[in-house]
Every structure is written in C-alpha cells, then in structure tokens.
A.B. asks: 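I have a structure here, written as structure tokens, and I will follow up with some questions on it.
This one's a predicted model, so the numbers in the text were calculated from it and none came from an experiment. Positions are given from 1, in the same order as the sequence printed here. Values reported hereafter were calculated over all heavy atoms of this structure, with side chains retained and with hydrogens, waters and symmetry mates removed.
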Amino acid sequence: MRNRIIELAKANGADIVGFAPAERFEKDNPIFKIMPETKTVIGFAFRILRGIYRGVEEGSTYYQYTTMAVENMEETIMPMAQLKVAMMIEEEGYVALPQRRHQQIMADDNRTNPEVDYAAVFHNKSAETQIDFLDTAIKCGLGEKGFHNTLLTDDFGPMVRYCFILTDAEIEETPIISPHLCDKCRKCKSACPGNAISENGEVDDWQCAVYYNGANGTKNPFMPYDAYAEFENRLEIIAGEAKVDPETARKIIDATYFYPPAQHAYPCSICGRACDRACYSHLEEKGVLTKKFKTPFRKREEWKLSLDDFK
C-alpha cells in the first residue's frame with residue numbers, strides 16, 4: 001500500500017511523499033486530539049514552479065504567484081491529491097483524514113496570516129487543534145527547517161507547499177532528514193522588503209503582512225508617487241523601515257490597494273516571497289539542490305526603484 005500511495009500521490013501532483021509513525025509525535029500533539037487512533041502521518045510536498053516566480057523576479061507580472069502557487073495549490077491541487085489518496089486508503093478498510101492548512105484560523109488575537117486578508121482571519125480555540133505544519137513536515141521526512149522558519153527540500157529548496165493525511169494504517173516510515181541545506185547565510189533576512197525576519201530567524205507576521213501586500217515602494221512598481229499621504233512616516237513605510245504593531249499594520253494594509261487580490265481572501269503577494277527567492281538562489285548557486293535547470297534562477301542583479309520618486 002505504501003508504494004501505491006506514493007504512486008497515486010505523484011500522479012496527482014505531489015512531488016515528495018513521506019511517512020511518519022505516531023511514535024515521532026508527543027502524546028499531547030494535536031494529531032491525537034484530531035484522530036486519537038492515528039498510526040501514521042503521511043506528508044505530501046508539492047513544488048511551486050520556478051516560472052511562477054519569474055514575473056515578480058523581473059518586476060513585470062505578479063498575479064501568477066498568488067493565483068497559481070498559493071490559491072490554486074491550496075484550494076484545488078493539494079486537496080484533490082489528498083482526497084484521491086484518502087479514498088484509496090479507505091478502500092483498503094483504514095480511516096484516512098486529510099489535513100490541510102486552514103488559512104483563516106489562528107489562536108492568538110495579536111497574530112495574523114500574511115497570505116490572507118487580515119479581516120478574514122478568525123481567532124478562536126479551534127486553532128489549537130491545527131497541527132504544526134512545519135514540525136509535521138520535518139517528522140515526515142519531507143525536508144529540513146530553514147533559517148526563516150520554512151521547509152527546505154533537496155529538490156526544490158523552499159519552493160514547496162505541503163499537506164498531510166492522518167491514518168490508522170501502519171505504514172513503513174521515512175527517515176527524518178538530517179539538516180544539511182541551510183547554512184544560516186541570512187540571505188532570506190536581508191531580502192525581506194519589510195525587515196520582518198529577526199536575527200534568530202523568527203518572522204513577525206504583521207510586519208510580514210504589511211510588506212507581503214506591497215508597502216515597500218522600492219519593490220512595488222504599482223505604487224503611486226503619493227502613496228500613504230495620510231501617514232507622517234510615509235517614507236519610512238515606503239522604504240521598508242517602519243516598525244509596525246497590529247494596529248498600525250491594519251491601517252497600512254487598508255491603504256495598500258495598488259494591485260487586485262485573488263479569490264478566497266488571498267491578497268496578491270507583491271513581495272513574491274522575496275525570502276524564499278533569495279534562499280533558493282543561494283542554494284542553487286551552492287550547487288546543493290538535486291533538481292537542476294539549464295539556466296540559473298537569478299539571471300541578473302535585483303532591481304530596485306528609487307525612494308526619491310516618492311518624495
């Protein structure tokens with residue numbers, strides 16, 4: 001059945017499949033609240049096409065990343081693969097419970113999810129029964145943790161999204177990957193247009209949300225010259241130097257409407273995951289990624305607009 005799961009998952013878009021026995025998880029892990037009889041957690045990682053990042057990398061078109069790499073992956077491709085595999089498992093007489101991110105539920109009132117409209121985020125205790133996605137992916141042998149709190153894989157670096165299935169079937173495990181990709185170069189940190197990544201790799205999600213939406217004018221070709229006129233520190237905001245709290249972040253995001261959003265509460269990512277692109281480029285230059293391409297991802301020096309255009 002293990003081989004059939006891998007074959008079916010890959011036939012439906014998954015690129016990496018891993019299996020974690022229940023013993024790898026602490027007894028108070030949410031997976032046992034969700035499904036106490038869990039014996040195996042199956043992890044699926046899906047590549048984000050390199051080409052999807054090209055528009056942001058070149059400063060030309062931006063909607064492909066959000067619509068194709070976030071919205072369609074989360075709402076269509078990944079759930080369909082999960083359902084296909086779950087159906088096959090249940091045909092064998094075992095229970096299969098798909099686990100995908102609920103992008104709009106968080107437990108902490110002072111946090112947000114940069115990938116969705118903050119006004120669409122619900123804060124309640126139901127978030128406590130969501131699994132830790134990054135920790136679970138690592139335990140399933142999908143990859144390792146990168147400096148900026150993301151999953152790094154041997155083939156695709158950080159350019160992946162992932163989901164899981166809980167099942168009461170006992171399936172041969174995948175080894176946990178020993179960390180070997182991230183060298184703590186901090187290129188992800190320096191690439192962030194809003195300085196949202198701390199010295200120890202923690203990501204301030206409100207700071208991230210503001211600049212994910214495109215508040216840095218030097219990296220946003222759609223921002224008008226008079227943007228944020230109602231803010232006293234408008235040039236700090238536009239330069240990516242403003243430090244925000246949840247209240248000020250909401251105000252800045254409300255004033256940041258220079259590019260249309262996708263559906264399902266997904267705002268368009270103007271930063272285009274600059275952290276991930278810098279990380280990927282570094283790993284590719286080091287030659288440690290197993291998936292090779294005929295041309296390098298980063299073809300020229302990064303472009304940047306002048307702050308003087310907003311003065």
Side-chain angles (χ1 to χ4, degrees), residues 1-27 29-50 52 68-103 129-145 150-181 289-293:
M1 188 167 69
R2 186 182 196 275
N3 290 336
R4 289 176 59 207
I5 288 172
I6 295 172
E7 182 180 354
L8 183 59
K10 290 189 174 184
N12 283 276
D15 291 284
I16 309 169
V17 184
F19 302 84
E23 292 74 28
R24 285 185 184 169
F25 300 89
E26 303 79 8
K27 292 182 179 179
N29 192 290
I31 67 171
F32 300 117
K33 295 180 182 178
I34 298 167
M35 185 173 161
E37 63 272 28
T38 298
K39 294 291 194 305
T40 305
V41 180
I42 310 171
F44 309 91
F46 299 73
R47 79 177 80 182
I48 298 173
L49 296 175
R50 281 203 343 169
I52 283 175
M68 298 301 292
V70 182
E71 181 186 19
N72 280 305
M73 291 287 281
E74 290 285 343
E75 305 296 338
T76 305
I77 303 299
M78 292 160 59
M80 184 57 67
Q82 286 176 291
L83 287 170
K84 293 282 189 180
V85 173
M87 289 175 184
M88 189 269 281
I89 292 172
E90 296 212 342
E91 284 175 0
E92 297 294 325
Y94 298 100
V95 176
L97 177 54
Q99 292 292 293
R100 52 164 290 191
R101 294 180 193 272
H102 195 308
Q103 301 278 70
T129 55
Q130 289 202 74
I131 62 177
D132 182 326
F133 265 62
L134 178 57
D135 177 71
T136 306
I138 293 169
K139 285 184 168 66
C140 285
L142 300 182
E144 67 178 79
K145 181 180 178 180
T150 195
L151 183 71
L152 301 184
T153 64
D154 284 318
D155 279 347
F156 313 108
M159 294 183 176
V160 293
R161 300 188 79 87
Y162 44 95
C163 57
F164 307 94
I165 288 176
L166 310 181
T167 180
D168 58 350
E170 293 190 29
I171 304 172
E172 181 184 350
E173 66 189 57
T174 301
I176 292 177
I177 294 175
S178 297
H180 60 286
L181 293 173
L289 297 177
T290 53
K291 176 64 176 173
K292 307 297 182 182
F293 288 84

A.B. asks: Please indicate whether Glu92 has more than 12 foreign heavy atoms, meaning atoms of other residues, nucleotides or ligands, lying under 6.0 Å from its CD.
C.D. replies: yes
A.B. asks: Return the CZ to CD distance between Phe32 and Glu26, rounded to the nearest 0.5 Å.
C.D. replies: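 Between Phe32 CZ and Glu26 CD, I get 8.5 Å after rounding to 0.5 Å.
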A.B. asks: Does the pair Glu173/Lys139 count as a salt bridge with the N-to-O cut at 4.0 Å?
C.D. replies: no
A.B. asks: Within the side chain of Asp154, is there an N or O that forms a donor-acceptor pair under 3.5 Å with the backbone of Thr290?
C.D. replies: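 It does not hold such a pair.
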A.B. asks: Tell me if a side-chain donor or acceptor on Thr150 pairs with a main-chain N or O of Pro158 at a distance below 3.5 Å.
C.D. replies: no
A.B. asks: Is the NZ or CZ atom of Arg101 both under 6.0 Å from the centre of the six-membered ring of Phe164 and within 45° of that ring's axis?
C.D. replies: no
A.B. asks: Check for a donor-acceptor pair, side chain of Thr40 on one end and backbone N or O of Ala20 on the other, with a separation under 3.5 Å.
C.D. replies: no
A.B. asks: Go through the structure and list residues passing side-chain hydrogen bond (donor to acceptor under 3.5 Å, both in side chains) with Asn12, not counting sequence neighbours.
C.D. replies: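 With neighbours one apart ignored, the set is empty.
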A.B. asks: Say whether, by atom type as modelled, one donor and one acceptor occur between the side chain of Gln82 and the main chain of Gln99 under 3.5 angstrom.
C.D. replies: yes
A.B. asks: Check whether Glu90 reaches the backbone of Ala96 with its side chain - one donor and one acceptor, N or O, closer than 3.5 Å.
C.D. replies: yes
A.B. asks: So for atom CE, which belongs to Met1, do other residues, nucleotides or ligands contribute more than 12 heavy atoms lying within a distance under 6.0 Å?
C.D. replies: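 Check passes, neighbour count above 12.
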A.B. asks: Could I get the full list of side-chain hydrogen bond (donor to acceptor under 3.5 Å, both in side chains) partners for Asn29, not counting sequence neighbours?
C.D. replies: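 Once residues adjacent in sequence are excluded, Asn29 has no partner under the side-chain hydrogen bond (donor to acceptor under 3.5 Å, both in side chains) criterion.
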A.B. asks: Measure the CG-CZ distance between Asp135 and Phe25 for me, rounded to the nearest 0.5 Å.
C.D. replies: 7.0 Å
A.B. asks: Could you measure the distance from the OG1 atom of Thr38 to the CG atom of Leu166? Nearest 0.5 Å is fine.
C.D. replies: 4.5 Å
A.B. asks: Taking atom CG of Leu151 and atom CZ of Arg161, what is their separation to the nearest 0.5 Å?
C.D. replies: 12.0 Å
A.B. asks: Do other residues, nucleotides or ligands put more than 12 heavy atoms under 6.0 Å from Met68 CE?
C.D. replies: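 No, the 6.0 Å shell around CE holds no more than 12 heavy atoms from other groups.
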